[in-house]
There are 2 protein chains.
Amino acid sequence: MSTTAPATPVRDLADPGTPFAVVDVHRARRNIARLAQRADRLGVTLRPHVKTAKSLDVAALLHDGTPCPVTVSTLAEAEAFADAGYTDITYAVGIDPHKLPRVIALLRRGVTLRVLLDSTEQATSVADAAREAGIAVPAQIEIDCDGHRGGLRPDAPGLVGIGRILHEAGCLDGVLTHAGESYFAHTAEEQRLAAKNERDAAVAAADTLRAAGLPVHIVSVGSTPTAHAADDLTGVTELRAGNYVFFDLVMAGLGVCDLDDLALSVVVTVIGHRPEYGWIITDGGWMAMSRDRGTSAQPQDQGYGLVADLTGRLIPGLVMTGASQEHGTLSARDGALLPDLPVGTRLRILPNHACATAAQHHGYHVVDGGRPDGPTPAIQGVWNRVSGW
Amino acid sequence: MSTTAPATPVRDLADPGTPFAVVDVHRARRNIARLAQRADRLGVTLRPHVKTAKSLDVAALLHDGTPCPVTVSTLAEAEAFADAGYTDITYAVGIDPHKLPRVIALLRRGVTLRVLLDSTEQATSVADAAREAGIAVPAQIEIDCDGHRGGLRPDAPGLVGIGRILHEAGCLDGVLTHAGESYFAHTAEEQRLAAKNERDAAVAAADTLRAAGLPVHIVSVGSTPTAHAADDLTGVTELRAGNYVFFDLVMAGLGVCDLDDLALSVVVTVIGHRPEYGWIITDGGWMAMSRDRGTSAQPQDQGYGLVADLTGRLIPGLVMTGASQEHGTLSARDGALLPDLPVGTRLRILPNHACATAAQHHGYHVVDGGRPDGPTPAIQGVWNRVSGW
């Protein structure tokens, strides 16, 4: 779980062994600035989810190199970020009580690590563990705003009881919800309504707890689509989003970003041609891209990804239509001609789902792609990822 | 890219932080013995593909701990296996000429590393590189037997010309084909025919080359379904297969194995319940299972996986039906009742596609599950994977 950049010589994108992941730091910075400005305007704290990049180097872009509030998806991320000086961390997956010793170890180091839960049995485990350890374990109650996965509905009868168990052990910290269904909201208006629904659910749950005399410090909402669509977050204290740093074809398909906002791509090499099938074969299969086919549920299915040249310019009509473990298949669509790309040609594939594609790689080769018609950008460094659980 | 087992204390399956991958070494050994006996009976060399497990420890099961012929999908695998004393390696992905320096470095170490190609431009690159380096680069010509991805049809006009370019540089080693379509052959008879077609294509290509006066040493065929279905491999010299060591739900759906042959599973923990939706929520999402949904194309869609208890006994009717990054959703089907599995319960999920699920993990916790109604098996060790390219 190395988290510092190794001393790799600066090389050209055409040099290293393909496939490998590339981050365009210019685009990432622009995406980060866009949401930071929105959060400021909405009057809420931004708590980026670091599960997409899982990289201390990418996280350093979030707040000018200094630790900021973050959300994590694993305790491995929490521990890596704590080691790097982050002290305000929310672990946004329902807590398995077996994991509480690792949580308490981080709390004892002075890290404010919040856990998430939605049941009496979890609340009791957290309260018992806190009493036994003699330390408050800040816990947020997960609220289900749209039937996506875990959480209590804001009007669930058990909500106040769970709040009371936590409060009596000094552990009640707030409520948290995630508009999972917003990834299927295909218009700006649907996304705005998903954001309103997400806010309303979290605020309603907080109001119910407060009406019962329980303190609610944090009212947390967020998903990349709703974070970009919310127009009123009254009653909300913080906004979470993760994918937005890289964006991807699913987000572009939803209209949350443009194709030229996508900051993550995978460099592959042409290794063959099957003109009789209209195929170009590359050395980037699902091991490099993941099996994620998020755009298959969208009006425009983008296969395993769109194809760009090494400078980042999209090749019109060329799509990665097939993948085996270490083979990618590119095909032309919409009447486009299959371009002449000899064996050895390097290409960049834009992924469906940045979180899943990034997870197939140990780290990122970093370029500054600020000049769209310039030369192939130089690799400025290599950034590592945190992995495992 | 560590490839030796770290000194991890032996622990119970219920102990480590979930999710994590488990290999049942009893089942793996049985699967290995089954195909080894078939290859013996068919009179061919078995050259296992190590791309599924990517583990020197798993590979040590193949031939009583001594190096045997292997197939690899990346040069990272080739280098790791060469470091461990394997000297007979086929790299079964079409060669990118940029990668030839790494190939030649292995050849210079005394490793017989074969490359694969299907074009004049690749053959010329290989021949030129061999002459320049003063070393033969053994190359196999990829034959397409079923329109799956790369390769030349056995009757392709360019076949002999490519063979000649290689032969003149001392590099022609043989032909290789892979029945990719056999993963969609849903009856034993279709699989037998796919195996016959695979053999016939490879042998026809070899005959064409020999008729032109070119030497063909190796005639290589294989896929897990055809390796288990072939009844006559006359003219073939070697058989390749990889998935068979672990097997998975796709292979079980094809009837190539039984469910109790599956050697790879992922241990997850219950973290919540949504009785109103009929859901049990776990901490194993697509990060632990991969996004592979291979059984979605089969008559029985197995979701993201079937669910067993920690001893490996399947829980009837329980299926992993949904996945987000770190959340799994389990549901009952076929009228089964949702079992009572409290928060904290550990389960084992059997994957769609072992190659893809294994790739989500750094290594394997090893158990010997030889006693189906015995206690939860002890973890006997941790085996690492090779990763990257």
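No experiment lies behind these values; they were computed from the predicted model shown.
Interface summary for chain B: among A:Phe20, A:Trp389, A:Trp286, A:Trp279, the most heavy-atom pairs under 4.5 angstrom belong to A:Trp389. In terms of non-hydrogen atom pairs under 4.5 Å with chain B, the most contact-rich of A:Glu142, A:Glu121, A:Glu276 is A:Glu121. Of the listed residues (A:Ile281, A:Val93, A:Thr329, A:Ile95), the greatest number of heavy-atom pairs within a distance under 4.5 Å of chain B belongs to A:Val93. Top candidate by heavy-atom pairs under 4.5 Å with chain A, chosen from B:Gly285, B:Gly151, B:Pro97, is B:Gly151. Your options are B:Gly322, B:Gly272, B:Gly147, and the one with the most heavy-atom pairs under 4.5 Å with chain A is B:Gly147. If you tally non-hydrogen atom pairs under 4.5 Å between each of B:Met287, B:Glu326, B:His148 and chain A, the highest count goes to B:Glu326. Highest contact tally toward chain A, considering only B:Thr18, B:Val270, B:Leu117, is held by B:Thr18 [criterion: heavy-atom pairs under 4.5 Å].
Contact record, A:Gly94 with B:His327: N-NE2, 4.3 Å, taken as the closest heavy-atom pair. Closest of all the heavy-atom pairs between B:Asp144 and A:Tyr277 is OD2-OH, 3.8 Å. The two residues A:Asp96 and B:Gly344 make their nearest non-hydrogen contact at OD1-CA, 4.1 Å. When all heavy atoms are compared, the tightest approach of B:Arg291 to A:Asp292 is NE-OD2, 2.8 Å.
Looking at B:Thr74, only its side chain comes within 4.5 Å of chain A, counting heavy atoms on both sides. For B:Thr269, the part lying under 4.5 angstrom from a heavy atom of chain A is the side chain only. In this structure, the portion of A:Gln122 lying under 4.5 Å from any heavy atom of chain B is its side chain and not its backbone. With a 4.5 Å cut-off on non-hydrogen atoms, A:Ala288 touches chain B through its backbone and its side chain both. The contact between A:Lys99 and chain B is made entirely by side chain atoms (from C-beta outward), counting heavy-atom distances below 4.5 Å. Residue contact with chain B, scored on non-hydrogen atoms closer than 4.5 Å, involves the side chain of A:Asp118 exclusively. Both the backbone and the side chain of B:Arg149 have a heavy atom closer than 4.5 Å to some heavy atom of chain A.
Under the 30°/60° scheme for interplanar angles, the aromatic rings of A:His362 and B:His362 are found to lie parallel.
One distance of note links OG of B:Ser387 with CD of A:Gln360; it measures 11.0 Å at 0.5 Å rounding.
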Set out, in order, the CA-CA distance, both residues' side-chain angles and the distance that settles side-chain contact (heavy atoms from CB on, under 4.5 Å) for A:Arg293 and B:Arg293, then state yes or no.
CA-CA 10 Å; A:Arg293 291 275 292 98; B:Arg293 290 275 294 97; over 6 Å; no
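Between the side chains of A:Ser119 and B:His273, not a single donor N or O lies within less than 3.5 Å of an accepting N or O.
Listed for the B:Gln325 side chain is no donor-acceptor partner under 3.5 Å among the backbone atoms of A:Cys355.
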